[in-house]
2 protein chains.
Amino acid sequence: MLKLTKKADYGLMALKYLAEHPETPALSAKDVADAYGIPPQLLAKVLQRLTKTGLLRSHAGMNGGYALARDAREISAFEVIHAIDGPFFITSCTKGTKSCELTPSCTIKEPLARVNETIAGVLKSISIHDLAEREHPAGKSGEHQGLVELTL
Amino acid sequence: MLKLTKKADYGLMALKYLAEHPETPALSAKDVADAYGIPPQLLAKVLQRLTKTGLLRSHAGMNGGYALARDAREISAFEVIHAIDGPFFITSCTKGTKSCELTPSCTIKEPLARVNETIAGVLKSISIHDLAEREHPAGKSGEHQGLVELTL
DNA sequence: AAATATCCGACTTCCCAGGTCCGATTTCAG
DNA sequence: CTGAAATCGGACCTGGGAAGTCGGATATTT
């Protein structure tokens, strides 16, 4: 149904939360989990993964926790999702680099690959900072115009 | 992982196939299934569903089968996917009409809803006819420019 | 040394996409 | 009018992956 996993959701939520608290040097997985009512152990794994891919920096021990490795503006939603869920493809046939194994007739995937890239482009254009933007004041404070081109 | 179901894939492939054979009055599910190496019974269900939603017209009995209910240009990929997989949402939290049940704090879903609509827009701009376009002659025969606007 | 963290692999549970089976109905051909 | 070929539609089975849990090892501060 074209939805991303909860882990990816959690990851985005966590990064957003971190972006909203730049004053604190580090926030523990439990802190974030409590803030959102997320299973702590699961969130922990997600954050570990994000650390491994270089989006977060971690610090063990007391008063340890996680912090953004870069400016929130420099982290895209795409990176987060990719780090957690791995490379995503719209078409269910394409697995990794291989094309449709036994059905070379699947000419559908070609145009859908364009769609896939378009979506990736949209996701890449959204940064954590955009997500953390203070509650949409029903106005145009942080509005941002992105233009996505689609060529079939 | 943000992929659409095989059923949706099958549906798109089938519609494309029908669009490529406008001469024949009707093609059976088995015909299409054989052409792509798809499980016939499964494809049958998909086609039944598409019939139910008005994208296809069916005819039982000998020499029966399915045919496009409208011109291929008038059927969007979005309609097909929606008919098969139901309404799709990027966020895993949103279920139907309800928002995140116990976590009103999930402020993530709001910006992602925009992304969701953007994707829907892309899918809506693609017709079955576009998919059936004769094998991309590496040229610009059937090229089509779609422009998708994204506002955060 | 005790408390608080991250770290990481293994494990369980549960849901659903993917696929199958079968029976009923409709339609046409000979 | 009978049988073949098709759609229709429900019930069912199954494997794999998402979601979550457990436990232990390691790091760091007080």
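Labels below follow one simple rule: chain letters A, B, ... track the order of the sequence lines, proteins then strands, and each chain is numbered from 1.
- Nucleotide D:dT28 holds its C1' atom 17 Å from the CZ atom of A:R57, rounded to whole Å.
- Proximity note for A:N63 (side chain, C-beta onward) versus D:dT29, D:dT21, C:dG19: the nearest is D:dT29.
- With D:dT29, D:dG20, D:dT7 as the choices, the nucleotide that has an atom nearest any side-chain atom of A:Y10 turns out to be D:dG20.
- Inter-residue side-chain proximity for B:I119 and B:V122 is flagged as unmet; no heavy-atom pair is nearer than 4.5 Å.
- The distance from atom CD of B:Q48 to atom C1' of C:dA24 is 12 Å, rounded to the nearest whole Å.
- Remark: A:R70 engages A:E79 in a salt bridge, criterion side-chain N to carboxylate O under 4.0 Å.
- Taking atom CG on A:D31 and atom P on C:dT4, their separation rounds to 12 Å, with Å as the unit.
- Closest-nucleotide positions on DNA chain D for B:S28 and B:K45 were compared, and the one nearer the 5' end corresponds to B:S28.
- Residue B:H59 places at least one side-chain N or O closer than 4.0 Å to OP1 or OP2 of C:dC28.
- Each of A:P40 and B:A29 was matched to the nucleotide of DNA chain D holding its nearest heavy atom; the match closer to the 5' end belongs to B:A29.
- Atom P of nucleotide C:dT12 and atom CG of A:L42 are separated by 18 Å, given to the nearest angstrom.
- Distance, A:R49 CZ to C:dT6 P: 18 Å, rounded to whole Å.
- In this entry the distance linking NZ of A:K52 with P of C:dT6 reads 16 Å, nearest Å.
- In this structure, CD1 of B:I84 is placed 14 Å from P of C:dG19, rounded to the nearest angstrom.
- Taking the side chain as every heavy atom from C-beta outward, A:L15 and A:L131 never approach each other to under 4.5 Å.
- OP1 and OP2 of D:dT7 both lie 4.0 Å or more from every side-chain N or O belonging to B:T51.
- Each of B:Q41 and A:G64 has a nearest nucleotide on DNA chain C; the 5'-most of these lies closest to A:G64.
- With distances taken from any side-chain atom of B:K6 to the nucleotides C:dT27, C:dG19, D:dC8, the minimum falls on C:dG19.
- OP1 or OP2 of C:dC7 lies within a sub-4.0 Å distance of a side-chain N or O belonging to A:S58.
- Taking atom CG of A:L43 as the reference point, atom C1' of C:dA5 lies 14 Å away to the nearest angstrom.
- Under the 3.5 Å distance criterion, the side-chain polar atoms of B:D130 are matched with a main-chain donor or acceptor of B:S127.
- Closest to the A:M62 side chain, of the nucleotides D:dA4, D:dT7, C:dA3, is C:dA3.
- No donor-acceptor pair under 3.5 Å is formed between the side chain of B:T24 and the backbone N or O of B:L27.
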